[in-house]
Structure formats: C-alpha cells, structure tokens
Undergrad: 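One structure, as structure tokens, below. Some questions next.
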Amino acid sequence: MAFSRDPLDELVVPDGTEAQERDLVTDGDVLVGGRSTVEFGVRGRNVLAGEGAEFGGGIEASGDCRLDMWCDVAESVLVGEDAYLGERAHVGGELKVAGDLDIGDDVDIEEGFEANGWIVIRNPMPTIVLLFVYLKHLLVVGEEDAAQRLIDEVVDADERTTTETDPLVVPANATVSDDAWRVSTPARIGDDCRLHGNVRAETVAVGVDTEIFGSLRARGDITVGPDTTIHGDVTTRDGSVALDEDVRVLGDLSCSDLELGADAAVDGTMRATGEITMETDPRDEE
C-alpha cells in the first residue's frame, strides 16, 4: 500500500463496515483526525485519534488505542494491547487495558482504569500528530519509501498484509453521526457496507453491494457500484453521476451528466443538465 499524500485527506469506509445500533464496526484500523466528532462508538483493530476528537460511544480496540490530548470518549475504552492517552483526555466510563498504559497529565477517567502491564503517568507525545507531521515531511521531500516504512512500524505491516483491510479514516473536522456524515474532502465507501446517515462530501464513490440509509450529496462527481441501494436522493452541484448496473436510488437524482448502467433504477425524479447515457443489458439484445 503506497502513500503519496496525506492519509487523512479523504473519508474512507473500508469493505464490510457496518453502522450497528451504537457502533461503527470494522475489521481493520480506525484513524480519526483532530477536532472530528464521531457520534458512534467504534470497534476495530488499532484506534488512533487526533487532538480534540470526540466519540459519542465507547471504543473497543483489539490492538492498540492512541488518543491524543483533549480527546473525549463518552463511554468505556477497552484495549486488547497497549493504550496511550494524551493530556486532558476524558473517558466517560472505565478504561481497561490488556497491555501497558501510558497516560498524560490531567486525564479524567470517570470509572477508573486498570492495566495488566506497566502504567506510566506523564505527558506522552501526541502520537498521531507527530506521525502525520513527520509523514507529510517525508512525502514533501520525496522520501516515499521512508514514509511507507514509518506506516509499517505504527500499523503492523504483517497483520495488514494478512487481513488486506484498509483503515477506516475520518478526516479532521468531520462529523459522523446516524443523521449525517459530513466532510470537506472526498469520500470513498467500500463494498458490502451498511451505513446510516446522509453522506456530504467533495466527491463520493460507493462500492459494490452496499446499502446506505440516507442520501448522497457532493460538489463534484458521484459514482455508485453495482448492486448498491441508496435510500435517499443523489445530488451533485457541479459534477456527474454514474450508477452501475442494478443500482437502485429510492429518491430523486440531480446532476450535470448522467450515466445509467443496465437495470439501474431511480424511483424519484431525474434531472440532468447535460448528457444522459443509458446502458442496456447485453442479454436483451440477443
């Protein structure tokens, strides 16, 4: 997996991610940018959050959990390996860590904490901030190999190769809730996902066999993969919309150019100011 730009400049929802009743659940890592609000709890492998990130539920990390200064978690944090909490972080429940715990000054854990390994109380370096500042520097000076090695050290490269699971990435200053996923960056949603909420982004790309219980809205292009269902409108201000075969949109659609795959269906009104292209099923021509 090569990194040629800032990993936090795009909303990425990896394959198989589900928004369950109270949690976002993924098989891979979770990266949350600074000053973002995730109104769910999260469950994943390694969970890393930038300065001032807020979580409306708890955190369950089977690997490490790294929360930078001023992070706020409404419920408990359960960590399968090591945990790092920055200065003035807040946990509304309890903190349980199977490995070592590195904790900063003035951290508030309302229901107490326990760790099976070493416990160090000090002011740890804000890990995710240091990671991405250094990563940006390496990319600017053209050291892409060194940037890749840095990522491999922080996120276990062998485990990533085995699982082939991309991280769930929430950009800085984003809002993720049951009502809306709002980012000022592109959004990429993988295959076999089940999400609740309206997606608002610069551009939107949705994978195969995904179901979104909400609408899609973007300034630029929107693409939707085969066998996907959108329970809402699909709207772009300046871009085009491409719906692959067997896509269903239960609301209205508005765009410039429109491309409809075979058996794609829009239940509501379609408005396109540019060209409309409709593909037919090859079997219909036989």
Side-chain angles (χ1 to χ4, degrees), residues 1 3 7-8 12 14 17 23-34 36 38 40-55 57-105 107-109 111-135 147-172:
M1 184 177 181
F3 289 85
L8 287 177
V12 179
T17 300
D23 297 321
L24 281 177
V25 181
T26 183
D27 292 332
D29 301 330
V30 179
L31 307 179
V32 178
S36 288
V38 179
F40 299 97
V42 297
R43 287 157 50 189
R45 190 167 59 217
N46 300 306
V47 178
L48 293 81
E51 180 178 339
E54 297 183 8
F55 296 85
I59 293 176
E60 293 185 28
S62 60
D64 292 347
C65 180
R66 301 169 182 258
L67 305 178
D68 278 342
M69 59 183 69
W70 298 102
C71 281
D72 191 324
V73 183
E75 299 177 9
S76 297
V77 177
L78 308 178
V79 184
E81 296 181 9
D82 300 334
Y84 308 80
L85 272 68
E87 181 181 2
R88 294 183 175 83
H90 170 259
V91 176
E94 60 183 345
L95 171 64
K96 290 188 174 182
V97 182
D100 298 337
L101 171 61
D102 196 343
I103 191 169
D105 296 333
V107 170
D108 180 15
I109 304 171
E111 298 182 14
F113 65 89
E114 61 181 72
N116 291 334
W118 292 97
I119 299 176
V120 179
I121 300 176
R122 59 188 176 90
N123 189 11
M125 178 71 67
T127 346
I128 196 169
V129 173
L130 174 64
L131 168 65
F132 288 112
V133 168
Y134 185 42
L135 179 61
Q148 180 64 58
R149 290 195 297 271
L150 173 64
I151 293 296
D152 290 345
E153 289 177 5
V154 176
V155 179
D156 189 343
D158 294 333
E159 189 173 4
R160 178 182 294 281
T161 302
T162 301
T163 61
E164 294 295 336
T165 302
D166 287 337
L168 170 64
V169 179
V170 178

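Note that the coordinates shown come from a computational prediction; the quantities given were computed from them, not determined experimentally. Because only heavy atoms are used, hydrogens play no part in the values below, and waters and symmetry mates are left out as well, while side chains stay in.
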Undergrad: Drop me the distance from Asp102's CG to Asp64's CG, to the nearest 0.5 angstrom.
TA: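 Going from CG on Asp102 over to CG on Asp64, the span is 11.5 Å.
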Undergrad: Is there a donor-acceptor pair under 3.5 Å between the side chain of Asp29 and the backbone N or O of Pro167?
TA: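 No.
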Undergrad: Can you give me the closest heavy-atom contact between Ala53 and Gly33, atom names plus distance?
TA: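 For Ala53 and Gly33, the tightest heavy-atom pair comes out as CB-O, 4.0 Å.
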Undergrad: Taking atom CH2 of Trp70 and atom NE2 of His90, what is their separation to the nearest 0.5 Å?
TA: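 Result: 12.5 Å between the selected atoms.
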Undergrad: Quick one: which of Val79, Ile119, Asn116 gives a side-chain contact (heavy atoms from CB on, under 4.5 Å) with Leu101?
TA: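 Of the listed options, the one satisfying the test is Ile119.
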Undergrad: Starting at CD of Glu94, measure out to CG of Leu78 and round the result to the nearest 0.5 Å.
TA: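 Spacing of CD (Glu94) from CG (Leu78) equals 6.5 Å.
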Undergrad: Within the 4.5 Å heavy-atom criterion, are Leu85 and Leu95 side-chain neighbours or not?
TA: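 The answer is yes, as the side chains (C-beta and beyond) meet within the 4.5 Å cut-off.
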Undergrad: Work out which heavy atom in Ser36 is nearest to a heavy atom in Val32; give both atom names and the distance.
TA: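 It is CB-CG1, 3.9 Å.
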Undergrad: Please find the pair of heavy atoms, one from Pro14 and one from Leu168, that lie closest to each other, and give the distance.
TA: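 Answer, listing the atom of Pro14 first, then Leu168: CD-CA, 3.6 Å.
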Undergrad: Specify the closest pair of heavy atoms between Ala49 and Leu67, including all atoms of both residues, with the distance to one decimal.
TA: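 That would be CB-CD2, 3.8 Å.
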Undergrad: For Arg43 and Asp23, work out which heavy atoms get closest and say how close.
TA: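 Scanning both residues, the minimum pair turns out to be CD-OD2, 3.5 Å.
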Undergrad: In this structure, which one of Ile59, Val97, Ile109 forms a side-chain contact (heavy atoms from CB on, under 4.5 Å) with Val77?
TA: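 Of Ile59, Val97, Ile109, side-chain contact (heavy atoms from CB on, under 4.5 Å) with Val77 is met by Ile59 alone.
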Undergrad: To the nearest 0.5 Å, what is the distance between NZ on Lys96 and CD on Glu114?
TA: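 So the NZ of Lys96 and the CD of Glu114 are separated by 5.0 Å.
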Undergrad: What's the shortest heavy-atom distance between Gly93 and Ser76, and which atoms?
TA: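 Looking at all heavy atoms of both residues, the shortest contact is CA-OG, 3.6 Å.
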Undergrad: Rounded to the nearest 0.5 Å, how far apart are CZ of Arg88 and SG of Cys71?
TA: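 Spacing of CZ (Arg88) from SG (Cys71) equals 14.0 Å.
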Undergrad: Is there a donor-acceptor pair under 3.5 Å between the side chain of Asp72 and the backbone N or O of Glu54?
TA: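 Side chain of Asp72 to backbone of Glu54: no pair is present.
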Undergrad: Kindly say whether Trp118 contributes a backbone atom to a donor-acceptor pair with the side chain of Asp100 at under 3.5 angstrom?
TA: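 Present.
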